[in-house]
Amino acid sequence: MRKSTRKVVSAITAAAMVLSLAACGGKGSEETTAATTAAETTSAEAATEAPTEAQEPEEKNQQADIVVIGAGGAGMTAAIQAVQDGATDVIVLEKMPVTGGNTTRSTGGLNAAGTQYQEAEGIEDSVELFVEDTMKGGKELNDKELVTVMAENSNDALEWVNDLGADLTVVGIFGGASVKRIHRPSDTSAVGPVLVKTLNQTLEKLNIPVLLETKAEKILLDDEGAVCGVTAADKDGKEFTIDCTAVILATGGFGANSDMVVEYNSALAGFATTNHSGATGDGIAMAKEIGADFVDMEQIQTHPTVNPDTQTMYTEGVRGNGAILVNKEGKRFVNELETRDVVSAAILEQTDGVCYLVFDQAVRDSLAAIESYVKAGIVTEADTPEALGEAIGVDGAALAETFKTYAGYQKAGKDEEFGRESMELPLDQPKYYAALCAPAIHHTMGGVKINVGAEVLKEDGTPIPGLFAAGEVTGGVHGANRLGGNAVTDIVVFGRIAGSSAEDYVSDNGGHTEQEITAPESDVEASPAVEGNYKDGTYEGTGKGNNGDIKVQVTVENGSITSIELTEHGETEGIYEAAEKGVIADIIKNQTADVDAVSGATNTSNGIMEAVKNALADAQ
Ligand code: ADP
């Protein structure tokens, strides 16, 4: 590896800051810089290292094949997928001292349909229902094509993160979902830290450099309008340029930039935010400068249950697992499992625009995340509903009556007042708990416009060559309202697609630089390790993939399978390539169609194997 965060290229950068066109230089230079790996840079110690080579009289631009801007869930996923697909020179820039962004704060889980965990619980779900729920939740403003890609690849995304070690195996229900679909860590803790830890460890394993406290400032285009570099500043504000073939924009949203929030939606002036301080919309600004198109910028979601003093967000899982909301009069006022926009609006209509999240011991015991709220001192407890009411300044008798009525609805399986369908628990197990909450800015649904290959589009609908984007910086997936659990699905599905698309783009545009990070197995040229025992010839076969039939053509020479070609399929761009490379190489190496599926592309892998088996039936 040869990238360094600490290189200072002031003269070149100064020019680059003025000219965004044709500003890339030195591509293919011989420069070799000090190695900086994720292992080194993810520690705070490494982040504060001083520049080591600032005194060099003349410095050239750094080089990379792919620069990923932002080390949140989407960026880390994209970098990993690109390397898994064979990319050899990927570098991640992160402006904060730690990786994770808003993803770390994500408390819910990953929505996926048709999973083994749903099946084990007898939950009937489908891609179509997932799409329907997401479109309905987003008030049909969503880009249905993007939503469909997200739903179709959700199961593979879940398997991919679980294969990396995330353990999202418990299925729960969140607002707007018709069935239990959100997959959470088996210890019921918040998903964000688990996911970020898993991705960090994988980056480290794959030796992918992450340059912390390094802020990307500008994306550079060449004379033809294709991406050719990024300018960035290190923690001392020293600027440098990285020449590259592709950029993946994964800078997250702008929920912590109150000026930008108000610019796009003035009704949200003065709102608190659940966002980390780095969610300032840098990616939007960078993309705007180079002519990207945007979608749904005014669509900004508030999360209904945020502590107004500490801004701690109570995960929707508390309501999903049984909690109800009551106002200052001790009364319920909404179906607690309605979508976030509906619940937020209902809270704002209550006295002082706040409410209480109330639950019993059984709910507390069902969700580890609640312990952190208790520890933070933002949950009031009491032995009875009456005492709880008195402790929070609400009429105790009214609150007790609300509990009693709700227990009746729960028992009858029918919420006569608000039509809540999932009522997990009767809320009658002492102790009783209450937590004050109000809505706060949560997710910016709008962003750069992408297509299903995660390419960033211009206003004329054509892609900016070499620019890809994923995660909260993009718009279109969530429409007017994001469902809980869809952010993590979005970042993993489209992060993976962006990584694969960028790697393909690099391969098609000059190929890799000489310095390799790793040599993933799937990239090893396929050659038989054992001899086959088939009749020579060309055979065709069909198997069932993720999105329908996959047709293959298998060539047998001198008794061995020498090539396999996918002749027809509808598999998702950016996902199927990993299965295509990995499974085909393995089949040829082992001369059998019984090989392991490629993680994260299980259905496609199985479809290819089935098709090859069918083809080989004629070659026996
Ligand atoms: P997503 O969920 O889309 O991955 P996150 O908020 O989790 O979004 O992550 C986005 C990451 O991008 C954050 O860690 C944030 O600090 C980082 N980031 C934002 N702007 C820049 C920038 N200009 N340069 C480098 N990193 C950035």
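Atoms within each ligand, like the ligands themselves, are counted from 1 in listed order.
For atom 12 (O) of ligand 1, the closest non-hydrogen atom on the protein side is G70 CA, 3.2 Å. For atom 9 (O) of ligand 1, the closest heavy atom belonging to the protein is G72 CA, 3.1 Å. Protein heavy atom closest to atom 19 (C) of ligand 1, with residue, atom name and distance, is T251 O, 3.3 Å. For atom 8 (O) of ligand 1, the closest non-hydrogen atom on the protein side is G252 CA, 3.4 Å. Counting only heavy atoms of the protein, atom 3 (O) of ligand 1 lies nearest to E472 N, 2.8 Å. Here the heavy atom of the protein found nearest to atom 20 (N) of ligand 1 is D282 OD2, 3.4 Å.
Closest heavy-atom approach to atom 17 (C) of ligand 1 among the candidates K95, K218, E94: E94. With atom 5 (P) of ligand 1 as the reference point, the heavy atom nearest to it among N102, L211, L93 is part of N102.
Atoms of ligand 1 found under 4.0 Å from any heavy atom of K215 (numbered from 1 in listed order, with element): 23 (N), 24 (N). In summary, the atoms of ligand 1 found under 4.0 Å from a heavy atom of M96, numbered by their order in the structure, are 16 (O). Atoms of ligand 1 found under 4.0 Å from any heavy atom of A250, numbered from 1 in the order shown, are 10 (C), 11 (C), 12 (O). The atoms of ligand 1 that sit less than 4.0 Å from any heavy atom of G471 are 3 (O). Those atoms of ligand 1 that come under 4.0 Å of a heavy atom in A74, given as number and element, are 3 (O), 4 (O). Below 4.0 Å from some heavy atom of I69 lie the following atoms of ligand 1, by number and element: 24 (N), 25 (C).
N486 and T134 share a side-chain donor-acceptor pair at under 3.5 Å. Of the N and O atoms on the side chains of S500 and D85, at least one donor lies less than 3.5 Å from an acceptor on the other residue. Between the side chains of H303 and T274, no donor N or O sits under 3.5 Å from an acceptor N or O. N155 and T115 share no side-chain donor-acceptor pair at under 3.5 Å.
Nearest approach of G453 to S501, heavy atoms of both residues: O-OG, 2.7 Å.
Taking a 4.0 Å cut-off on heavy atoms, G283 fails to register as neighbouring ligand 1. Under the 4.0 angstrom criterion for non-hydrogen atoms, G100 is in contact with ligand 1. Using 4.0 Å as the threshold, M76 has no heavy atom nearer than that to any atom of ligand 1.
By the criterion of a heavy-atom distance under 4.0 Å, the backbone of T214, and not its side chain, is placed next to ligand 1. Contacts between M286 and ligand 1, counted as non-hydrogen atom pairs separated by less than 4.0 Å, involve the side chain only. At a 4.0 Å heavy-atom cut-off, ligand 1 does not touch A232 at all. Contacts with ligand 1 closer than 4.0 Å are made by heavy atoms of both the backbone and the side chain of T103.
Between R340 and E316 there is a salt bridge, since at least one side-chain N of the basic residue sits less than 4.0 Å from a carboxylate O of the acidic one. Note on K218 versus E289: salt bridge recorded, some NZ/NE/NH1/NH2 to OD/OE distance being below 4.0 Å. With salt bridges taken as basic N to acidic carboxylate O contacts below 4.0 Å, one links D133 and R181. Comment: R482 does not engage D490 in a salt bridge, judged by the lack of any side-chain N to carboxylate O separation of less than 4.0 angstrom.
Close N/O approach between G73 and ligand 1 is found [any backbone or side-chain N/O within under 3.5 Å]. The shortest N or O to N or O distance between A216 and ligand 1 is under 3.5 Å. Polar contact check, G75 against ligand 1: no nitrogen or oxygen pair lies under 3.5 Å apart.
Of the candidates Q301, H443, Q299, N481 forms a side chain to side chain donor-acceptor pair (under 3.5 Å) with just one, namely Q301. L93 pairs with exactly one of V210, V68, I242 by the side chain to side chain contact (heavy atoms under 4.5 Å, CB included) rule, that one being I242.
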Apply side chain to side chain contact (heavy atoms under 4.5 Å, CB included) to the pair I66 and V247, showing each step before the final yes or no. CA-CA 6 Å; I66 301 173; V247 166; over 6 Å; no
Full working for side chain to side chain donor-acceptor pair (under 3.5 Å) between S186 and D167: CA-CA 6 Å; S186 63; D167 183 31; 2.5 Å; yes
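Ring geometry, Y505 versus F468: the interplanar angle exceeds 60°, so the pair is classed perpendicular (tilted spans 30 to 60°).
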